[in-house]
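Structure record follows, encoded as structure tokens.
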2 protein chains.
Amino acid sequence: MAEPLFDPSSPVPLYKQAADHVAARAASGELARGQRLPGEHDLAQEWGVAYLTVRRAMRELRERGLVTTVPGKGTYVN
Amino acid sequence: MAEPLFDPSSPVPLYKQAADHVAARAASGELARGQRLPGEHDLAQEWGVAYLTVRRAMRELRERGLVTTVPGKGTYVN
DNA sequence: CTATATTTGTGCGTATGTATG
DNA sequence: ACATACATACGCACAAATATA
């Protein structure tokens, strides 16, 4: 039932941990290119973090060029 | 007493209006280089917007290279 | 054309942590 | 020890864009 997944007491910000989590799964091929990620609200619940934290993680991933976000549609793996 | 300054009903996001406001004042020379801006909480009250909105405006300005933020000190005009 | 559902975007409030002076 | 200031994080609500029935 909802493992930790991320460590709130870590010096690494939660949003960064989350972004790294996605980045690692993309790098390993677990997330296929073109694949749509779950909605941000869903991810927040799934990860047990705040919506704002997911938004920051997505921004981080966009800035790294790992994903592309289309308003009203979703976020896709590049 | 506290004019609108920014228009919440505008299609332009508040944080962008705020960033543009600062950018314009910097470009006009009204804000001198090296000058420290008021604190984010103060700006939030002064502008009548939320703290997070100010934070977003500052982030916008940092990304544009117009200001530099030093944690524990303040935000300075470049 | 309208209505609805989904998803991202924006905004407010608050609390706590960290760094500097 | 204390004040100031930025950083991260939580919660909630509503608006805007997109797709579909």
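Chain naming here is simple, since letters A, B, ... match the order of the sequence lines and numbering starts at 1 in each. The shown structure was predicted, so the numbers you read here are calculated from the model rather than taken from an experiment.
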Tell me the interatomic distance from [X], atom [atom1], to [N], atom [atom2], rounded to whole angstroms.
X       : N      : atom1 : atom2 : answer
A:Arg62 : C:dT7  : CZ    : C1'   : 13 Å
A:Leu37 : C:dT6  : CG    : P     : 18 Å
B:Arg55 : C:dT10 : CZ    : P     : 16 Å
A:Gln45 : C:dT7  : CD    : C1'   : 15 Å
B:Arg36 : C:dG21 : CZ    : P     : 12 Å
A:Tyr76 : C:dT8  : OH    : C1'   : 11 Å
A:Asp42 : C:dT6  : CG    : C1'   : 10 Å

Which part of the nucleic acid, if any, lies within contact of A:Arg59, taking any heavy atom under 4.0 Å across all strands shown: a base, the sugar-phosphate backbone alone, or nothing?
nothing
Under the side chain to side chain contact (heavy atoms under 4.5 Å, CB included) rule, what do B:Asp20 and B:Arg64 come out as? Steps first, then yes or no, please.
CA-CA 11 Å; B:Asp20 290 342; B:Arg64 294 189 202 172; 2.9 Å; yes
More than 12 heavy atoms of other residues, nucleotides or ligands under 6.0 Å from CD of A:Gln45: yes or no?
no
B/S/- along nucleotides 9-21 of chain D (protein heavy atoms under 4.0 Å) is BBS-----BBS--
Could you identify the nucleotide paired to D:dA1, looking across every strand shown and requiring Watson-Crick or G-U wobble geometry with both distances under 3.5 Å?
none
Distance (rounded to the nearest 0.5 Å) between B:Glu60 CD and B:Leu66 CG
9.5 Å
Where does the angle between the aromatic ring planes of A:His21 and A:Trp47 fall among parallel (under 30°), tilted (30 to 60°) and perpendicular (over 60°)?
perpendicular
I would like to know whether A:Val22 and A:Val77 meet side chain to side chain contact (heavy atoms under 4.5 Å, CB included); could you show each step before the answer?
CA-CA 9 Å; A:Val22 174; A:Val77 179; 5.8 Å; no
Before giving the answer on side chain to side chain contact (heavy atoms under 4.5 Å, CB included), spell out for A:Leu61 and A:Thr75 the whole-Å C-alpha distance, their side-chain angles and the decisive distance to 0.1 Å.
CA-CA 10 Å; A:Leu61 291 167; A:Thr75 297; over 6 Å; no
